[in-house]
Protein chains: 2
Amino acid sequence: MSATEVLREGVTGARIAAELRSAILTGEYAPGARIRQEDLAARYGASRVPVREALRILEADGLVTLVANTGAWVARLSLAECEEMYRIREKLEPLLIATSIPGLGDQTIRRLEELATEMEAGTDVEAFLRLDREFHLLSYSGAETTLLGDLVHRLWNTTQHYRRAYTLLLDGGSNRIVHDEHHLLVTAIAAHDGEDAERVLIGHIRRTRLQLELHPELFDDLGTGRTPASQNRKDLL
Amino acid sequence: MSATEVLREGVTGARIAAELRSAILTGEYAPGARIRQEDLAARYGASRVPVREALRILEADGLVTLVANTGAWVARLSLAECEEMYRIREKLEPLLIATSIPGLGDQTIRRLEELATEMEAGTDVEAFLRLDREFHLLSYSGAETTLLGDLVHRLWNTTQHYRRAYTLLLDGGSNRIVHDEHHLLVTAIAAHDGEDAERVLIGHIRRTRLQLELHPELFDDLGTGRTPASQNRKDLL
DNA sequence: GGGCCGCACGTTGTATCCAATCAAGGAGGA
DNA sequence: TCCTCCTTGATTGGATACAACGTGCGGCCC
């Protein structure tokens with residue numbers, strides 16, 4: 001995103017894509033919800049052409065599912081797919097954090113510590129999600145790598161909704177371990193110990209994946225749209 | 001691709017995307033080459049609208065670089081970006097092969113062995129590239145995973161050109177080790193030894209990456225287009 | 001009464017036309 | 001002679017209008 005996003009569309013398509021992406025990430029549109037082109041066109045004051053460009057951009061981001069001659073839905077993941085995403089993240093994010101650490105300045109590291117503390121103190125779920133996202137993405141900001149960075153960014157976006165659902169589930173519960181891991185990560189980063197940061201991060205992601213597997217109900221169909229919207233693409237093979 | 005490809009465009013956009021993708025992968029269009037929308041429209045007998053859809057699909061695949069209000073070019077990688085792709089592959093393909101092995105039937109494994117042998121016997125570069133691609137992708141076909149499979153598929157596509165350039169470079173040279181690794185991989189797969197397959201595959205990809213780093217001239221600008229087309233996106237930050 | 005066929009509606013896909021943007025070339029001045 | 005600005009051409013981006021496809025409802029036949 002970020003870097004490559006700027007130069008994507010003339011202007012309208014990119015604007016619609018950015019706004020719609022934001023709307024999906026904040027939960028305004030739920031997974032499985034039908035998206036009609038004319039609705040978006042009216043909402044953003046444009047014709048259907050740039051809307052379709054935006055939908056394709058978001059499809060590439062994994063936030064929207066398109067079916068030819070039928071329509072678009074907010075992407076949804078099955079439990080198996082979400083698990084898969086987490087396994088991918090377990091492999092890629094350690095690589096990214098290791099290449100990022102040498103590029104992180106003292107100021108950034110202090111900010112990371114602030115974020116970890118702030119997260120621990122807060123109680124609001126939405127605030128936690130926002131801070132958590134900022135924390136991790138900031139920890140990757142030292143990497144110059146465009147491709148890997150964008151890829152990880154996409155993975156975060158596609159799993160955003162399920163992170164929210166899970167966080168809401170254990171709201172007020174014992175998620176102290178999350179904050180401990182964050183502080184451990186900051187410590188490893190401050191020590192410029194890439195290997196240790198990798199270890200902590202693997203555990204962090206893996207633990208979340210195992211927790212998610214305990215809650216298959218998060219992936220049930222909520223009947224928000226008419227057609228399942230992905231959920232099982234295998235029937236097309 | 002494959003699975004999700006079918007349901008992408010009404011029909012024209014998908015057709016153009018598929019044909020253009022094929023043209024890029026076979027080397028008909030070189031990295032950095034300018035792509036004009038009207039040329040494609042004329043070539044495929046359609047208007048510019050589905051052409052733009054196709055370009056966006058291929059941009060998501062990493063095969064095309066779009067710049068707003070300016071144009072499209074066949075994507076090119078810098079040495080650093082290519083290295084990055086290979087580091088990503090080193091992490092993801094072992095994961096994929098491990099999940100694929102339990103799903104591979106005896107017939108598929110025999111076919112893998114055939115391919116490894118056929119590659120060893122052949123001398124034509126294009127034939128080698130085709131067989132190598134078929135070999136590896138077939139070795140991943142046991143995985144039901146849609147997301148990881150498609151992702152790896154994309155990684156193969158974006159690095160295809162540089163695999164070709166490198167293979168041409170050492171044409172006739174001592175690439176025996178490649179074939180040895182392929183046979184080792186088949187052996188591990190036949191033994192249903194996921195861990196061993198992971199090890200061999202990591203070495204296989206890593207060795208290629210190290211070789212590529214010795215040949216930065218493969219990434220020089222060949223002057224095929226007017227504007228660099230990516231090559232350094234950092235100036236946009 | 002149940003299942004199948006067909007028509008009509010809504011939505012998406014494509015073509016054509018017009019506007020906006022960028023790049024290159026030339027004219028003018030320092 | 002070189003730099004700058006402007007103009008012109010080519011190419012892309014967006015809007016409107018039309019065609020194609022899929023879906024759902026109603027009627028008809030079994």
Side-chain angles (χ1 to χ4, degrees), chain A residues 4-20 29 32-59 64-75 223-230 233 235-236, chain B residues 4-20 29 32-60 64-75 223-231 233 235-236:
Chain A
T4 57
E5 189 63 25
V6 180
L7 46 78
R8 293 197 89 156
E9 263 311 283
V11 57
T12 312
R15 203 195 82 229
I16 297 175
E19 300 198 32
L20 182 54
Y29 289 83
R34 173 71 184 269
I35 302 173
R36 282 192 304 278
Q37 297 179 359
E38 287 197 72
D39 289 356
L40 288 183
R43 172 167 179 171
Y44 296 115
S47 88
R48 277 174 41 223
V49 176
V51 166
R52 296 184 54 199
E53 306 273 355
L55 287 176
R56 195 159 297 283
I57 291 173
L58 295 182
E59 188 205 17
V64 160
T65 302
L66 295 178
V67 179
N69 286 312
T70 304
W73 289 262
V74 177
T224 39
R226 284 181 296 190
T227 306
S230 141
R233 299 193 239 194
D235 50 358
L236 292 156
Chain B
T4 58
E5 187 64 26
V6 181
L7 46 79
R8 292 197 92 154
E9 263 310 282
V11 56
T12 313
R15 206 195 80 229
I16 296 176
E19 299 198 31
L20 182 54
Y29 289 83
R34 174 69 184 270
I35 303 173
R36 283 192 304 278
Q37 297 179 1
E38 287 196 73
D39 289 356
L40 289 183
R43 173 167 178 170
Y44 296 115
S47 89
R48 280 174 40 225
V49 177
V51 166
R52 293 178 55 193
E53 304 274 355
L55 288 176
R56 193 156 302 283
I57 292 172
L58 295 182
E59 188 206 17
V64 160
T65 301
L66 295 179
V67 179
N69 288 312
T70 305
W73 288 264
V74 177
T224 38
R226 286 179 295 189
T227 306
S230 139
Q231 186 69 318
R233 298 192 240 193
D235 51 358
L236 291 157

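First the proteins, then the strands, lettered A, B, ... as listed; each starts at 1. This one's a predicted model, so the numbers in the text were calculated from it and none came from an experiment.
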Item to complete: Name the nucleic acid region contacted by A:A72, choosing base, sugar-phosphate or nothing; use a 4.0 angstrom heavy-atom cut-off, strictly under.
Response: nothing
Worksheet item: Salt bridge between A:E53 and A:R56, side-chain N to carboxylate O under 4.0 Å?
Response: no
Practice prompt. Give the rounded distance in Å between these two atoms: CG of B:L66 and C1' of D:dT12.
Written response: 11 Å
Worksheet item: Rounded to whole angstrom units, what separation is found between the CG atom of A:L55 and the P atom of D:dG14?
Response: 14 Å
Worksheet item: Looking only at heavy atoms, which two atoms of B:A17 and B:A54 are closest? And how far apart?
Response: N-CB, 3.6 Å
Worksheet item: Just wondering, do A:L20 and A:L55 contact through their side chains at under 4.5 Å, heavy atoms?
Response: yes
Worksheet entry | Length of the line joining A:Q37:CD and C:dT14:P, which is rounded to integer Å | 11 Å
Worksheet, complete the sentence: Rounded to whole Å, CZ of A:R48 lies from P of D:dC18 at a distance of 14 Å
Worksheet, complete the sentence: Residues A:L66 and A:A72: closest non-hydrogen pair is CD2-CB, 3.3 Å
Practice prompt. Look at all strands and tell whether A:I16 reaches a base, only sugar-phosphate, or nothing, counting heavy atoms closer than 4.0 Å.
Written response: nothing
Item to complete: Can you figure out which of C:dA23, C:dT16, D:dT23 approaches the side chain of B:T70 most closely?
Response: C:dA23
Worksheet item: What integer distance in Å separates B:N69:CG from C:dA19:P?
Response: 16 Å
Worksheet item: Looking only at heavy atoms, what is the nearest atom pair of A:I35 and A:W73, with distance?
Response: CD1-C, 4.1 Å
Worksheet item: Can a side chain N or O of A:R34 be found less than 4.0 Å away from OP1 or OP2 on C:dT12?
Response: yes
Practice prompt. Would you please confirm or rule out a distance under 4.0 Å between OP1 or OP2 of C:dT12 and any side-chain N or O of A:R36?
Written response: no
Fill in: Options D:dG13, C:dT14, C:dA23, nucleotide nearest the side-chain atoms of B:V11
C:dT14
Item to complete: Choose from D:dA15, C:dT12, D:dG14 the nucleotide whose nearest atom is closest to any side-chain atom of B:R52.
Response: D:dG14
Item to complete: Please report, rounded to the nearest Å, how far the P atom of C:dG13 is from the CZ atom of B:R56.
Response: 15 Å
Worksheet, complete the sentence: To the nearest angstrom, the CD-P distance between B:E38 and D:dG9 comes to 17 Å
Worksheet entry | B:T12 side chain near C:dT14 phosphate (N/O to OP1/OP2, under 4.0 Å) | yes
Worksheet entry | Interatomic distance where CG belongs to A:D39 and C1' belongs to C:dT12 [whole Å] | 13 Å
